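In what follows, every heavy atom counts, from backbone to side chain, and hydrogens, waters and symmetry copies are set aside. None of these values were measured; they are calculated from a predicted model.
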Amino acid sequence: MFDYHAAMTAGHGFNEYVADVLRSFGISQVAVPELELVTDAAAIKEKTKNEKDVLVGDLVLEVKSSSRSFTSIEDFPHNPLIVDTVYGYEQKTVKPFAYIIISQVTKAMFVIPCGTQSHWERHEYWDKIRQLVDDFYMVKKSDCRLFIDLVDELLSRQNG
């Protein structure tokens with residue numbers, strides 16, 4: 001059975017890591033909302049709608065950690081790759097500015113800008129972790145960006 005609490009706790013640690021890296025580049029107004037563990041279906045649904053992984057001012061960054069080992073988008077082992085579940089993305093009250101994909105193994109990161117959403121495709125897959133079939137948004141590697149490109153964009157917005 002899928003352990004939501006363990007997944008939420010691990011995910012929160014990656015949110016903190018990403019926030020620390022952003023701060024190390026001089027990006028201000030970086031915040032990670034406090035971890036709130038929920039259990040019942042209604043609370044999980046509410047969390048899906050309103051959870052924000054990392055905030056940079058009024059921008060929301062969604063962090064997705066991957067068990068895959070990679071050092072960049074070039075050696076990420078899948079193309080296309082999963083952005084999010086269709087349900088998870090569509091339910092968000094505030095859509096993310098970007099998704100940050102981070103390797104749990106190497107801590108390497110790359111970015112999926114949400115401005116590329118018109119290029120995303122829907123695919124149905126078996127989710128072996130949660131043990132169910134779900135619809136996912138998929139993106140091609142060519143629509144992904146280097147993490148430093150996100151840093152540059154955030155610094156540009158900050159320094160206006």
*May I ask you to list the residues sharing a hydrophobic cluster with Val105, side-chain cutoff 4.5 Å, ordered by chain and number?*
none
*Only counting residues at least two apart or in another chain, list the ones meeting side-chain hydrogen bond (donor to acceptor under 3.5 Å, both in side chains) with Asp75.*
Thr71
*asked:* Going by side-chain hydrogen bond (donor to acceptor under 3.5 Å, both in side chains), name the residues that satisfy it together with Gln29, two or more places apart in sequence or in a different chain.
replied: none
*Testing Ser65, Ser69, Ser67, Ser66 for side-chain hydrogen bond (donor to acceptor under 3.5 Å, both in side chains) with Gln104, which one passes?*
Ser65
*Do the non-hydrogen side-chain atoms of Leu61 and Pro96 ever get within less than 4.5 Å of each other?*
no
*asked:* Please evaluate residues Arg145 and Ile112 with respect to the criterion side chain to side chain contact (heavy atoms under 4.5 Å, CB included), reporting the C-alpha separation (whole Å), side-chain torsions for both, the decisive distance (0.1 Å), and the verdict.
replied: CA-CA 6 Å; Arg145 299 292 172 260; Ile112 303 168; over 6 Å; no
*Taking ring-ring contact (aromatic ring centres under 6.0 Å, His included) as the test, write out the residues that go with Tyr17, two or more places apart.*
none
*Stepwise, does the side chain to side chain contact (heavy atoms under 4.5 Å, CB included) test hold for Glu124 with Val133?*
CA-CA 7 Å; Glu124 190 176 85; Val133 173; 3.2 Å; yes
_Verify same cluster id: Ile27, Ile102 (apolar side-chain graph, 4.5 Å)_ = yes
*For Ile148, what residues pass the side-chain contact (heavy atoms from CB on, under 4.5 Å) criterion, not counting sequence neighbours?*
Phe25, Leu146, Val151, Asp152
*Using ring-ring contact (aromatic ring centres under 6.0 Å, His included) as the criterion, list what pairs up with Phe147, not counting sequence neighbours.*
none
*Hey, does Val94 have a side-chain heavy atom less than 4.5 Å from the side chain of Asp58?*
no
*Which residues satisfy the side-chain contact (heavy atoms from CB on, under 4.5 Å) test with Ala19, sequence neighbours excluded?*
Arg23, Val30, Val32, Val54
_Testing the basics here: between Ala98 and Pro113, what is the closest heavy-atom pair and its distance to 0.1 Å?_
CB-CA, 4.2 Å
*asked:* Once side-chain contact (heavy atoms from CB on, under 4.5 Å) is applied, do any residues pair with Ile73, and if so which ones, sequence neighbours excluded?
replied: Phe76, Leu81, Phe110, Lys141, Cys144
*Can you hop from Leu55 to Leu155 via hydrophobic side chains spaced under 4.5 Å?*
no
_From Cys114 atom SG to Phe97 atom CZ, the distance as rounded to the nearest 0.5 Å_ = 8.5 Å
*State the CG-CG distance between Asn15 and Asp53, to the nearest 0.5 angstrom.*
4.0 Å
*Please name all residues satisfying side-chain hydrogen bond (donor to acceptor under 3.5 Å, both in side chains) with Thr116, sequence neighbours left out, ordered by chain then number.*
Trp120
*Do Lys92 and Lys52 have side chains that get closer than 4.5 Å, going by heavy atoms?*
no
*Kindly indicate whether the side chain of Val111, heavy atoms from C-beta on, has any atom under 4.5 Å from the side chain of Asp149.*
no
*Which residues pass the salt bridge (charged side-chain N to carboxylate O under 4.0 Å, His left out) test with Lys64, sequence neighbours left out?*
Glu62, Asp84
*Does Val86 have any side-chain contact (heavy atoms from CB on, under 4.5 Å) partners at least two apart in sequence or in another chain, and if so, which?*
Glu90, Arg122, Asp135, Tyr137
_Can you confirm whether Ser28 sits close enough to Gln158 that some side-chain heavy atom of one is under 4.5 Å from a side-chain heavy atom of the other?_
yes
*asked:* Can you list, by chain and residue number, the hydrophobic cluster partners of Tyr125 when the side-chain cut-off is 4.5 Å?
replied: Ile82, Phe136, Met138
*Can you check whether Lys95 reaches Val60 side chain to side chain, under 4.5 Å on heavy atoms?*
no
